[in-house]
Q: 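For reference, the structure I am asking about is given below.
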Protein chains: 2
Amino acid sequence: MTEEKAAPRKRRGSGRATIHDVARLAQVGSITVSRYLKQPSQVSGELGARIAQAVKELHYVPNLVAGGLASTHSRVVGMVIPNISGPIFANTIESFSDTLSAHGYQLLLASSYFSQEQEENAVRAFLGWSPAALVVTGPFHSKATETMLTQAQIPVVETWDYRPRRKPIQVGFSNLDVGQQQARYLLDQGYRRIAFVQNSVPGDLSALDRRDGYLEAMAEAGLQPWTFVPTEPAPFDAGRQAFEALALRKRGRAEAIIFANDNLAAGALLAGQRAGVPIPQQCALMGFGDYAISPLLLPSLTTIRPPARAIGEIAALRILEALGVVASDTPPAKARLNRLACDVIARESA
Amino acid sequence: MTEEKAAPRKRRGSGRATIHDVARLAQVGSITVSRYLKQPSQVSGELGARIAQAVKELHYVPNLVAGGLASTHSRVVGMVIPNISGPIFANTIESFSDTLSAHGYQLLLASSYFSQEQEENAVRAFLGWSPAALVVTGPFHSKATETMLTQAQIPVVETWDYRPRRKPIQVGFSNLDVGQQQARYLLDQGYRRIAFVQNSVPGDLSALDRRDGYLEAMAEAGLQPWTFVPTEPAPFDAGRQAFEALALRKRGRAEAIIFANDNLAAGALLAGQRAGVPIPQQCALMGFGDYAISPLLLPSLTTIRPPARAIGEIAALRILEALGVVASDTPPAKARLNRLACDVIARESA
DNA sequence: TTGTACGCGTTATCAC
DNA sequence: GTGATAACGCGTACAA
C-alpha cells in the first residue's frame, strides 16, 4: 500500500508541474508558494529559498488559466484595431504591447478592418477570457458592442479619438480639430480653393470627423467647401482619381487638396508627377498620417503626424493605473493628459 | 426560508452569467448547454431553441478561462515576432491572426526586438496560458527557449526561415537561398564587383544567412566577396554610411550593392541622389523586403519580396491541421508546401 | 439524447 | 508567517 505517492496518477492534467508539486518538493503549503510568487516579502527567507529551488528544479510555470479562473480576472488585455499591417496603427500596438508586458500583462489582438461586426465578434471573444481591460479604436461601435463594453466591469479605453463626453477612457486626439488644423494651415499659406478628399473605405468614420473640421474652418473663413469621394477602392488609385477630378480639370481647379490619409495623397502626388503638374505651385497636397513613404516622395508630402506611439503607451498606462498596478498621475490633470496633439509636418507639397 | 434562490449569493464570481444560469433558465442540464454550444446537432431542436433563447436573454458569453482549465488547453495561440511595427512582419501577423480567428482561436502577441532574452520571456509567459500552439520567428533561440518549446506538448511553428532538419514545423524560406538569388541576379545583369551590407541591428541572424548565400554565390563565380558592416544604428543612416564607404570611394568602387533590407537600401539610394551618383549606371542597389517605400523611390528599388502574408496564413493552417481543426493537406507534400519562394522584384535600381 | 459526479490548478477566506 | 478548505466555471467520463 505504498501507492499513495508513487502511484502513476491518472489525472487529466497537462502533465506540467503544478503549484502542488512545488509545494510538496519544498515541503510547504501550496498557498505559501502562491504567496511567494506574488509577494516574496510575505514569506520567510528560508521557505522562500526552498520554494525558489523547487520552482527551478521542476521548471514550474504558473498556470495562468487556473489563476484567472480562481481570481476571476486574468492578466490579458484585449485590443481591437482596424488593421495591423497598415502604416498607422502598428506603432500603437507595439508601444501598447511593450508597456503592458513590462508589467506582466499580455496582449490579445484582433483586427476589425473598420467593420463594426468584426469588432463585435472580437470583443465577444475577448470577454470570454475575462480580460483585465479592453481597448478599442474610436467611438463608433455596434449597439451590442456598446452594451458589452458597458457591462464588462473592467477598464475600457477608446483610442485614436477624443470625445470628452464619452464614458470609456479616451486616449487620442480630436479628429475634428485636426481637420480644422489642416484647413487653417493651408489657409495660412494663402490657398483659398481648398478641397477635401474622403477615404474610399466606408468604415473610416474618423476621417469624416476630419472632413467636418475642414468644413467648419472653411465656413469660418467664408469660403465654399469642396469635398470629393473617390470610388476606386485601392488608395493610390483613389488618390489619382481625386487628383484628376480636382486638379486636372480645365476650369475652377483646386489650389490645394487635403486627403483623408497619406496613401491617397501619395497617389495624387504620383499622378501629378506623371501629368507634369508642378506641386505645390499649381496644386498643393496635404495628407494625414505621416506614413513612412511621405518624407521620401518628390516633392515630400506635407501631412499631419498623429501620436501613434504615445496613444499606445498612454492607453496602457491608464489601464495599469485603473488596475492599481502603477501609481496614477495627478488625477485632476489626467483627462487633459489623454488628449494628445497632432503635429503639422510641413514639407514641400504644401 | 425562501432564501434558497433569491439569496444574494456571496460568490467570488465575476457576476457574469454562467452556463448554469443558462441551464436553469432553459430548464436543462448545464452539460446540455455546453454540448449545444459546441455541436448543436447533438441536441434536440426543442431544447436547442430554449437554450438559444436563454443565451440571448442573459447575454451569456462562455468563460474561456474555465473552459481552458477544464480541458487543459485553451484556444489561444502565442506568437513572438521581432517587431510589430516594422514593415516586414505586420503582414504575417495580420494574415496569421485572421486565419486563426476565422476558426475561433485568438492571438497572443509579443515582440522580441531580435533579443533572445525577450523571446524567452514571452514564450514563458505564453506557456502559462496553456496555448494551443506557439509560433516563433526563425530558428535562433536561447537554450531555455529551446527546452520550453520542446517540452511543451503542443504544435510549434518556426516562421520566416526554412531548415529541413529542425523538428518544429518550418514555414518560410531559406535565407541562404535568397542570398544566392540576390547575388546571381546581379551577376546575370553583368555586375562583378558586388558588395553586401549587413544590418546594424545585431540580432538579425537571418540577414547573416543571406550574406552567407551571397558569399557562396560569389565563390562559385570565382569573384572576391566584399561585406560591409555599418555602425550607424538607424537604418537610413546606416545605408548612407555604407553607400559612402562602398560607392563614393575614389578607386575600386562597388558596381552593385546588396543590402540586408530595403530601409538600408533606401538610405543608400537617397545618399546617391544627393551626391548626384547615377543609379544604377554607376552603382546598382538591391534590397530585401519590398517595403512600401521601395516602388516609390526614384529610381525605384530592385528587391526581394518575401511571402509575408503566405507565411502567416500557412503557419496558421499548419497549426489548425495539427490541432485537428481543419483537414490536412496531402501529408507527403506538406513539408514541401511549407517551403516558400521569394520573388526578385526587378525595378530600376539594379 | 440527457444528466450526475468530479477534477482541472489556482486564489480568497478564514483560522492558527 | 503559514496552512486547510472551499470556491472559480466548465468539460470529461460515465451512467441512465
Side-chain angles (χ1 to χ4, degrees), chain A residues 7 9-51 54-55 58-76 104 127-130 132 153, chain B residues 9-51 55 58 60-75 127-132 153:
Chain A
R9 332 159 231 164
K10 284 193 183 175
R11 295 222 219 115
R12 316 197 300 229
S14 60
R16 267 169 39 197
T18 75
I19 204 170
H20 300 296
D21 298 329
V22 175
R24 202 179 310 131
L25 185 58
Q27 307 193 337
V28 298
S30 41
I31 189 65
T32 306
V33 177
S34 174
R35 264 198 288 262
Y36 172 77
L37 294 173
K38 298 240 164 337
Q39 298 151 338
S41 60
Q42 296 202 3
V43 173
S44 69
E46 194 195 354
L47 290 197
R50 291 221 304 268
I51 292 170
V55 165
L58 296 173
H59 297 292
Y60 170 68
V61 177
N63 186 326
L64 301 177
V65 179
L69 178 58
S71 63
T72 68
H73 57 267
S74 56
R75 283 167 112 77
V76 274
L127 281 178
W129 285 103
S130 307
Q153 300 293 327
Chain B
R9 333 159 230 163
K10 283 194 183 174
R11 293 222 221 116
R12 316 199 300 227
S14 60
R16 268 170 39 198
T18 75
I19 205 171
H20 301 295
D21 298 329
V22 175
R24 202 178 311 132
L25 186 58
Q27 306 193 339
V28 299
S30 40
I31 189 62
T32 307
V33 177
S34 173
R35 264 197 289 262
Y36 171 76
L37 294 173
K38 298 241 164 338
Q39 299 151 338
S41 61
Q42 296 202 2
V43 173
S44 69
E46 193 195 353
L47 291 197
R50 292 222 302 269
I51 292 170
V55 164
L58 297 173
Y60 171 67
V61 176
N63 186 327
L64 301 177
V65 179
L69 178 58
S71 63
T72 68
H73 57 266
S74 57
R75 284 167 111 79
L127 282 179
W129 284 102
S130 308
Q153 301 293 327

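Proteins come first, then strands; the chains are lettered A, B, ... in the order of their sequence lines, and each starts at number 1. Predicted model only: the values in this text are computed from it and were never measured.
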Q: Please give, in whole Å, the distance from C/dT2 P to B/E46 CD?
A: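 These atoms are roughly 9 Å apart.
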Q: Which atoms form the tightest heavy-atom contact between B/D21 and B/A17, and what is the distance?
A: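 In this case the closest contact between B/D21 and B/A17 is OD2-CA, 3.3 Å.
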Q: Report yes if a side-chain nitrogen or oxygen of B/K38 is closer than 4.0 Å to either non-bridging phosphate oxygen (OP1 or OP2) of D/dG11; otherwise report no.
A: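 Answer is yes, contact under 4.0 Å.
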Q: List the steps and the verdict of side chain to side chain contact (heavy atoms under 4.5 Å, CB included) for B/T18 and B/N63.
A: CA-CA 8 Å; B/T18 75; B/N63 186 327; over 6 Å; no
Q: Evaluate the side chain to side chain contact (heavy atoms under 4.5 Å, CB included) criterion for residues B/V22 and B/Y36: first the C-alpha distance (whole Å), next the side-chain angles of each, then the deciding distance (0.1 Å), finally the verdict.
A: CA-CA 12 Å; B/V22 175; B/Y36 171 76; over 6 Å; no
Q: Of all the choices, D/dT2, C/dT1, C/dG3, which nucleotide is nearest to the side chain of A/V43 once you look at every atom?
A: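 Minimum distance to the A/V43 side chain belongs to D/dT2.
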Q: Would one find a side-chain N or O of A/S71 under 4.0 angstrom from OP1 or OP2 of C/dA12?
A: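 No, because none of the side-chain N or O atoms of A/S71 sits under 4.0 Å from OP1 or OP2 of C/dA12.
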Q: To the nearest angstrom, how far is B/L37 atom CG from D/dT12 atom P?
A: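 That distance rounds to 13 Å.
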Q: Kindly say if B/Y60 contacts the phosphate of D/dC10, meaning a side-chain N or O under 4.0 Å from OP1 or OP2.
A: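 True: B/Y60 side-chain N/O within range (under 4.0 Å) of D/dC10 OP1/OP2.
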Q: Please determine whether a side-chain nitrogen or oxygen atom of A/S30 lies at a distance below 4.0 Å from atom OP1 or OP2 of C/dG9.
A: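 No, outside the criterion.
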Q: Look at the side chain of B/S34 and decide which nucleotide, out of D/dG11, D/dC10, D/dT2, has an atom nearest to it.
A: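 Nearest listed nucleotide: D/dG11.
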Q: Specify the closest pair of heavy atoms between B/V65 and A/W129, including all atoms of both residues, with the distance to one decimal.
A: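 Closest approach of B/V65 to A/W129, heavy atoms only: CG2-O, 3.5 Å.
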Q: Using whole Å, report how far CG of B/D21 lies from P of D/dC10.
A: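 Between P of D/dC10 and CG of B/D21: 8 Å.
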Q: I need the NE2-P distance between A/H20 and C/dC8, as an integer number of Å.
A: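 After rounding, the reported distance stands at 9 Å.
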Q: Quick one: which of D/dC10, C/dG9, C/dT1 gets closest to the side chain of A/A66?
A: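 Nearest nucleotide to the side chain: C/dG9.
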Q: Between P on C/dT1 and CD on B/Q27, what's the gap in Å once rounded to a whole number?
A: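 Rounded to whole Å, this separation is 21 Å.
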Q: Starting at NE2 of B/H73 and ending at P of C/dG7, how long is that distance when rounded to a whole Å?
A: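 Going from NE2 in B/H73 over to P in C/dG7 covers 20 Å.
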Q: What I want to check is whether an N or O donor and acceptor connect the side chain of B/R35 with the base of C/dG3 at under 3.5 Å.
A: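 It does, because a donor-acceptor pair links the side chain of B/R35 to the base of C/dG3 below 3.5 Å.
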Q: Side chain of B/I31 only, heavy atoms from C-beta on: which candidate in C/dT2, C/dT10, C/dT4 is closest?
A: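 The answer is C/dT4.
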Q: Nearest whole Å is fine: how far is C/dT10 P from A/R24 CZ?
A: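 Going from CZ in A/R24 over to P in C/dT10 covers 12 Å.
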Q: So which atom in B/Q27 and which in B/R50 form the shortest heavy-atom distance, rounded to 0.1 Å?
A: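 Here B/Q27 and B/R50 meet closest at O-NH2, 3.3 Å.
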Q: Is the distance from OP1 or OP2 of C/dT2 to the nearest side-chain N or O of B/T32 less than 4.0 Å?
A: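 B/T32 to C/dT2 OP1/OP2: no side-chain N or O under 4.0 Å.
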Q: Any base atoms under 4.0 Å from A/V28, or only sugar-phosphate, or nothing? Heavy atoms, all strands.
A: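 A/V28: backbone/sugar contact only, no base atoms under 4.0 Å.
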Q: Say whether, by atom type as modelled, one donor and one acceptor occur between the side chain of A/S74 and the main chain of A/S130 under 3.5 angstrom.
A: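 Yes: the side chain of A/S74 pairs with the backbone of A/S130.
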Q: Rounding to an integer number of Å, can you tell me how far B/I51 CD1 sits from D/dC10 P?
A: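 B/I51 atom CD1 is separated from D/dC10 atom P by 13 Å.
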Q: Would you mind telling me which of C/dT2, C/dT11, D/dC10 lies closest to the side-chain atoms of B/L47?
A: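 Between C/dT2, C/dT11, D/dC10, the one nearest the side chain of B/L47 would be C/dT2.
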Q: Answer with base, sugar-phosphate or nothing: what part of the nucleic acid does B/L69 contact at a heavy-atom distance below 4.0 Å?
A: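 Contact class for B/L69: base.
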